[in-house]
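Here's the structure, in structure tokens; my notes come after.
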Amino acid sequence: MKRRIAEVYKALSRAYGPQDWWPAEDAFEMMVGAILIQHTAWPNAEKALDNLRREGLLEPQRLLRISGPRLAALIRPAGMPRVKTKRLGNFLRWYQKQGGFEDLQRRATPDLRSELLAVNGIGRETADDVLVYAFRRPVFVVDAYARRIFRRFGLISGAEGYEEIRRRIEGAMPDDPHRLGEFHALLVAHGKATCRSRPLCDGCCLRRRCARNLEG
DNA sequence: ACCCAGGGTCATA
DNA sequence: TATGACCATGGG
């Protein structure tokens, strides 16, 4: 099964090429984006980020200062503005208490992960996004696309929990942040390319696009 | 008019 | 552990 996982990665990599995630200027913007993207399409989150950038607010201090209602108005395109305003606030207050990015970077991955998960509004997927793309830790992000696509490939049954899937993929791949980050990005690319408006997608184009690649 | 998106929390059983 | 309600905008 380990081999099969590696083959799927290779096939996706050949089919879609380098993804170079996360699309952000710096680590802080990435982390803000990770909260904004929750249950939203990327263009919506990007509009919210553009609004913040235009106002010069993509810095921890600035973002901490402004009022809740103003922040909510700026991030509204990302959806759930009041919820995400709270979550950003929780994250920013936590981040402020730390000794800066460098200090966080020195922490062991499991400790850093626990810290992130302790922030209300940061769940496993968001935490793992931050770990792999901002802190470059060797972590695999399990999202809805990963579950669907892996199930179609027979890599999982569908009953596995988040941590179990993460453990399987991490165990089958090199301990390499870049590779694991690419894997997640490739799954999103493939999901967007094939499965939009077809969530269950029986007999999906995955076969057309990927079975061929897997054979070759 | 409906369904969904690169989720997460909280209440409930 | 496992559902369900809720958040809420923008695109197909």
Side-chain angles (χ1 to χ4, degrees), chain A residues 8-9 12 16 18-24 27 29-52 68-94 113-135 137 139-152 156-166 169 177 180-202 204-206:
Chain A
V8 168
Y9 173 79
L12 291 172
Y16 297 100
Q19 300 299 304
D20 282 334
W21 266 24
W22 184 289
E29 181 181 326
M30 184 274 143
M31 296 189 277
V32 172
I35 291 173
L36 291 176
I37 189 62
Q38 289 173 357
H39 201 65
T40 307
W42 174 252
N44 296 349
E46 197 170 32
K47 282 174 199 163
L49 280 169
D50 286 344
N51 289 344
L52 296 177
R70 187 180 167 213
L71 180 53
L74 289 167
I75 68 173
R76 191 164 53 105
M80 297 178 269
R82 289 189 297 275
V83 170
K84 286 178 180 175
T85 291
K86 272 183 200 160
R87 291 179 182 179
L88 282 172
N90 294 339
F91 165 71
L92 290 167
R93 281 187 293 278
W94 167 79
R113 190 169 196 265
S114 300
E115 292 270 346
L116 287 165
L117 288 174
V119 177
N120 188 299
I122 296 184
R124 287 175 294 211
E125 184 177 337
T126 304
D128 290 336
D129 273 332
V130 168
L131 286 171
V132 70
Y133 296 116
F135 291 95
R137 305 305 174 90
V139 162
F140 178 74
V141 178
V142 181
D143 70 337
Y145 285 136
R147 290 171 188 273
R148 284 177 209 152
I149 295 168
F150 286 159
R151 184 153 51 91
R152 264 181 255 131
I156 61 174
S157 73
E160 296 87 348
Y162 185 100
E163 303 296 346
E164 169 63 18
I165 297 174
R166 186 167 75 89
I169 304 304
L180 289 168
E182 281 294 289
F183 205 167
H184 171 56
L186 287 164
L187 288 164
V188 173
H190 185 64
K192 281 179 175 174
T194 61
C195 297
R196 188 177 304 237
S197 77
R198 285 205 293 170
L200 296 180
C201 209
D202 296 330
C204 167
C205 22
L206 231 159

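In what follows, every heavy atom counts, from backbone to side chain, and hydrogens, waters and symmetry copies are set aside. Each chain gets a letter, A, B and so on, in the order its sequence line appears, and its residues count up from 1.
In the set dG6(B), dT9(B), dA8(C), the nucleotide with an atom closest to the side chain of R87(A) is dT9(B). Closest contact between the side chain of M80(A) and the listed nucleotides dT9(B), dG10(C), dG7(B) involves dG7(B). Closest to the side chain of R148(A), out of dA5(B), dC10(B), dT9(C), is dA5(B).
At a threshold of 4.0 angstrom between heavy atoms, the contacts of D129(A) with the nucleic acid are absent.
For dA5(B), the base is not stacked against the aromatic ring of Y145(A), per a cut-off of 5.5 Å between centres and 30° between planes.
Listed pair R76(A) / dA8(C) fails the phosphate criterion, with no side-chain N or O lying under 4.0 Å from OP1 or OP2. The shortest distance between the side-chain N/O atoms of R124(A) and the OP1/OP2 oxygens of dT9(B) is not below 4.0 Å. The phosphate of dG8(B) (OP1 or OP2) has no side-chain N or O of N90(A) nearer than 4.0 angstrom. A close approach under 4.0 Å does occur between a side-chain nitrogen or oxygen of K47(A) and OP1 or OP2 of dG11(C).
The CD1 atom of I75(A) sits 9 Å away from the P atom of dA8(C) (whole-angstrom rounding). Between D50(A) atom CG and dG10(C) atom P there is a gap of 14 Å when expressed in whole angstrom units.
Using a 4.0 Å cutoff on non-hydrogen atoms, the parts of residues 30-44 of chain A near DNA chain C are H39(A), N44(A), ordered by number.
R82(A) CZ: 12 or fewer foreign heavy atoms inside a 6.0 Å radius.
Taking the centre of each ring, Y145(A) and H190(A) stay at or above the 6.0 Å mark.
When the P atom is compared between dG4(C) and dC4(B), the two are found 15 Å apart, to the nearest whole Å.
Base pairing analysis places dA1(B) opposite nothing; no Watson-Crick or G-U wobble pair with both distances below 3.5 Å involves it.
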